[in-house]
2 protein chains.
Amino acid sequence: MPQRRVTIKQVAAEAGVSITTVSHVLNDVPGKRVHPDTRKRVKMAATRLGYVPNGLAQSLRTQRSNTIGLVGDEIATTPFAGKLILGAQDVALSRDAIVFVVSTGYQRDVENREIEELLRRQVDGILYASMYHRTVELPPQLASVPTVLINASCTTPNVPWVVPDEVAGGEDAADVLLAAGHRRLAFINDVDEIPAAFGREEGFRRRAAKAGLRADDLQVVTAETDPAGGYAAARRLLEDTTRPTAIFCFNDRLAMGVYRAATELGLRIPEDLSIVGFDNQEFVADGIFPGLTTIELPHYDMGVWATEQLFDRIDAASQGTGPAPTARLRGPVIHRDSVAPPS
Amino acid sequence: MPQRRVTIKQVAAEAGVSITTVSHVLNDVPGKRVHPDTRKRVKMAATRLGYVPNGLAQSLRTQRSNTIGLVGDEIATTPFAGKLILGAQDVALSRDAIVFVVSTGYQRDVENREIEELLRRQVDGILYASMYHRTVELPPQLASVPTVLINASCTTPNVPWVVPDEVAGGEDAADVLLAAGHRRLAFINDVDEIPAAFGREEGFRRRAAKAGLRADDLQVVTAETDPAGGYAAARRLLEDTTRPTAIFCFNDRLAMGVYRAATELGLRIPEDLSIVGFDNQEFVADGIFPGLTTIELPHYDMGVWATEQLFDRIDAASQGTGPAPTARLRGPVIHRDSVAPPS
DNA sequence: TTGTATGCGTTATCAG
DNA sequence: CTGATAACGCATACAA
């Protein structure tokens with residue numbers, strides 16, 4: 001605790017009024033009318049003394065901490081966490097709240113411990129975030145406090161969640177390629193059976209079909225979502241006699257491997273092969289050559305949406321809360337230089 | 001605030017004792033001996049009711065919030081922030097504390113606002129972190145609360161700080177190359193005049209000199225620290241008649257450009273050109289081909305060191321605090337496949 | 001060994 | 001318009 005801070009009592013003394021009055025003017029209590037002169041006196045005294053209200057005492061009294069918790073599964077290894085946190089923080093700050101950030105490392109026991117610690121500090125609500133889109137089971141302790149999920153859905157009724165619109169992402173990727181004139185496409189999907197894999201494939205296929213592509217004009221293969229996986233898959237795809245003229249990659253890391261495969265095979269990007277990625281991991285998408293056209297994941301926006309929802313539910317906690325809203329947010333496509341008409 | 005929580009008073013009623021006794025047993029107060037039976041009764045009552053102490057009330061009473069703030073300049077755009085936060089969180093949690101994370105976006109006004117918000121909530125101390133090694137001027141408001149700097153130094157007396165050991169990093173990079181047998185080296189340094197640039201160059205030069213390299217066996221050039229900058233610098237370096245057989249890059253992003261330049265010039269890595277990076281940005285160092293040997297920045301460790309220092313100072317706040325310790329932490333070299341003996 | 005009473009810094013209720 | 005005073009939930013000096 002910082003060294004002895006100045007309290008409302010001292011301000012009252014300095015201004016020659018009661019603490020009640022100080023509280024009134026400093027909080028601008030609606031019904032209370034206080035003489036302009038005393039009001040000014042109080043304010044001056046407060047600034048002169050450098051008064052800062054003790055938030056702990058306020059919270060104890062008002063039963064509201066203006067504090068929320070953000071529990072994430074991993075915060076260190078992905079670049080997404082930062083944007084998500086920032087989104088949450090930006091709206092929190094706009095409501096004079098701040099956010100506790102904790103990372104569980106996928107360990108149930110530390111998760112429990114951390115949630116306990118948050119609850120104990122009377123957080124007004126909790127953001128429960130996943131670093132990759134999935135469905136989760138909500139820790140039971142969260143039942144007692146307003147909660148909203150980020151980048152994850154769950155079956156627990158009445159808890160709001162927000163996830164990326166994977167289908168739209170797949171559609172957008174297809175559109176970019178189709179618009180450039182490609183008619184022989186491939187999609188290197190994640191081997192894992194996760195929402196992102198299903199959704200993106202669905203959207204991609206849908207658009208391809210709509211554009212009149214025949215079944216064998218669209219190959220879908222799976223791979224590990226790292227450069228090695230992308231490389232292997234791309235080698236297979238590109239050595240084929242009727243190779244695709246464009247590849248949509250499940251993510252940017254995988255796309256790095258595709259770049260390498262293309263280079264080794266003497267295929268120029270984008271002249272001989274167009275590529276679209278997913279994630280917009282800045283340092284990779286922007287760092288490889290040529291720059292990778294990709295679909296961005298709306299992490300910041302999800303953070304914002306979720307936090308707004310959270311505050312809505314906190315504020316509405318007194319009244320009955322309605323059914324939980326959910327959202328699928330579309331990420332923008334980031335155009336760089338990896339897409340061109342087929343030659 | 002979560003719905004009406006159970007208080008110590010209810011536990012007392014349930015157990016048929018006074019709140020004092022409850023407090024005593026739940027906190028294991030040293031001097032107080034309480035009958036084993038009542039002790040058991042109280043504990044049972046507590047768990048039966050699902051009692052969780054109200055941290056706000058505790059803090060108000062004990063004048064200690066078990067809460068620290070981490071203010072960083074940018075949390076969203078760099079992958080380093082996560083590790084730093086994690087380091088801080090890990091030690092905080094081991095002391096039953098949790099951490100508020102705020103990001104300022106380099107804007108003084110939001111920084112002030114956020115610090116105010118932290119102080120108002122009575123954080124026990126503040127971690128002030130920079131995302132790149134630099135010297136900062138400490139916001140004056142932080143004078144009133146224990147503070148330690150991460151990845152930054154300052155001239156304010158008596159505030160501890162921790163930064164990467166840049167000189168050691170430069171030395172390590174040189175050692176890796178020298179050990180592989182290289183005798184014609186280049187260092188593409190940051191154009192910006194920052195501690196990292198000075199330190200790494202100093203270390204690199206020192207080792208080179210020690211190994212007996214002549215002045216013109218070691219070229220040092222500067223560039224923007226992105227792929228484009230690295231590319232341009234490398235082109236110049238490598239088109240020279242007496243090109244270096246190994247290049248040390250100020251960071252991994254820049255190294256990406258060097259990779260491209262080498263590829264364009266038909267130089268194989270590592271056979272024709274060895275490369276060492278800096279930062280160990282996972283997705284790039286591990287994603288490019290061949291994997292980049294690089295020096296890791298000790299973000300997690302800095303987070304840990306700083307947080308431990310912070311708690312030390314918080315605990316010692318009652319007594320006089322000694323002079324502020326400072327540290328330069330060495331990051332490990334991560335060996336991958338971009339270094340080989342010169343051919 | 002256990003209980004009573006006070007205060008941590010605020011807000012809010014009620015009289016003046 | 002202003003001021004006592006009682007909570008908020010807990011820890012603790014002191015009394016029993």
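Numbers restart at 1 for each chain; the letters A, B, ... are given by sequence-line order, proteins then strands.
Val17(A) comes within 4.0 angstrom of the backbone, heavy atoms only, and of no base. The residue Ser23(B) sits close to a base: some heavy atom pair falls under 4.0 Å.
Residues Phe311(B) and Val91(B) have side chains in contact (heavy-atom distance under 4.5 Å, counting atoms from C-beta outward). Residues Pro164(B) and Met302(B) are in side-chain contact: their nearest non-hydrogen atoms beyond the backbone lie under 4.5 Å apart. Phe100(A) has its side chain within reach of Val123(A): a pair of non-hydrogen atoms, C-beta onward, lies under 4.5 Å apart. A 4.5 Å side-chain heavy-atom check between Arg64(B) and Ser59(B) finds every atom pair outside the cut-off.
If Ser18(A) and Val29(B) are placed on DNA chain D by their nearest nucleotide, the residue sitting closer to the 5' end is Ser18(A). Residue-to-nucleotide proximity on DNA chain C shows that, of Gly16(B) and Asn27(A), the 5′-proximal contact is made by Gly16(B).
Residues from residues 43-52 of chain B that place a heavy atom under 4.0 Å from any atom of DNA chain C: there are none.
Asp124(B) CG to Leu310(B) CG: the interatomic distance, rounded to the nearest 0.5 Å, is 8.5 Å.
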Please list every donor-acceptor pair under 3.5 Å in which a side-chain atom of residues 131-138 of chain B meets a protein atom from a residue at least two apart or in another chain.
{"residue": "His133(B)", "atom": "ND1", "partner": "Glu166(B)", "partner atom": "OE2", "Å": "2.7"}
{"residue": "Arg134(B)", "atom": "NE", "partner": "Ser130(B)", "partner atom": "OG", "Å": "2.8"}
{"residue": "Arg134(B)", "atom": "NH2", "partner": "Asp73(B)", "partner atom": "OD2", "Å": "2.7"}

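Note on Gln58(A): every side-chain N or O is 4.0 Å or more away from OP1 and OP2 of dG9(C). Contact check, Thr62(B) against dC10(D): no side-chain N or O comes under 4.0 Å of OP1 or OP2. Taking 4.0 angstrom as the limit, Thr21(B) places a side-chain polar atom (N or O) nearer than this to OP1 or OP2 of dG3(C).
For the residue pair Arg120(B)/Gln58(A), the side-chain donor-acceptor check at 3.5 Å is satisfied. Residues Gln122(B) and Gln63(B) have side chains that never bring a donor and an acceptor to within less than 3.5 angstrom of each other. Judged purely by distance below 3.5 Å, without hydrogens or angles, the side chains of Tyr128(B) and Glu111(B) pair a donor atom with an acceptor atom.
Remark: P of dC8(D) and CG of Leu60(B) are 14 Å apart, rounded to the nearest angstrom. If you take CG of Asn54(B) and C1' of dC8(D), they are 8 Å apart, rounded to a whole angstrom. Between the CG atom of Leu56(B) and the P atom of dC8(C) there is a distance of 17 Å, given to the nearest Å. Protein atom CD of Gln63(B) is 15 Å distant from nucleotide atom C1' of dT6(C), rounded to whole Å. For Arg33(A) and dG16(C), the CZ to P distance is 24 Å, given to the nearest whole Å. The separation between Lys9(B) atom NZ and dA11(D) atom C1' is 14 Å, rounded to whole Å. When the C1' atom of dG9(D) is taken as reference, atom CZ of Arg121(A) falls 15 Å away, rounded to whole Å. Taking atom CD on Gln122(B) and atom C1' on dC8(C), their separation rounds to 11 Å, with Å as the unit.
With sequence neighbours left out, Gln141(B) forms a side-chain hydrogen bond (donor to acceptor under 3.5 Å, both in side chains) with Asn112(B). Judged as a side-chain hydrogen bond (donor to acceptor under 3.5 Å, both in side chains), and not counting sequence neighbours, the contacts of Thr77(B) are Glu74(B).
Nearest to the side chain of His35(B), among dA11(D), dG3(D), dT2(C), sits dT2(C). Distances from the side chain of Ala57(A) to the nucleotides dG3(D), dG7(C), dT10(C) place dT10(C) closest. Side chain of Ile19(B), nearest nucleotide from dA11(D), dT2(C), dT2(D): dA11(D).
The residue from Arg48(B), Arg41(B), Lys9(B), Lys43(B) that alone fulfils the salt bridge (Lys or Arg N to Asp or Glu O under 4.0 Å) condition with Glu14(B) is Arg48(B).
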Distances under 3.5 Å between nitrogen or oxygen atoms of protein and nucleotides 13-16 of chain D:
{"residue": "dC14(D)", "atom": "N4", "partner": "Lys32(B)", "partner atom": "NZ", "Å": "3.3"}

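Here Arg95(B) does not pair with Asp90(B) in a salt bridge; the nearest charged N to carboxylate O distance is not below 4.0 Å.
Overall bending of the helix from dT1(C)-dA16(D) to dG16(C)-dC1(D), expressed as the angle between end axes built from five pairs apiece, is 50° (10° steps).
Put simply, the side chain of Arg61(A) and the base of dA12(C) share no donor and acceptor less than 3.5 Å apart.
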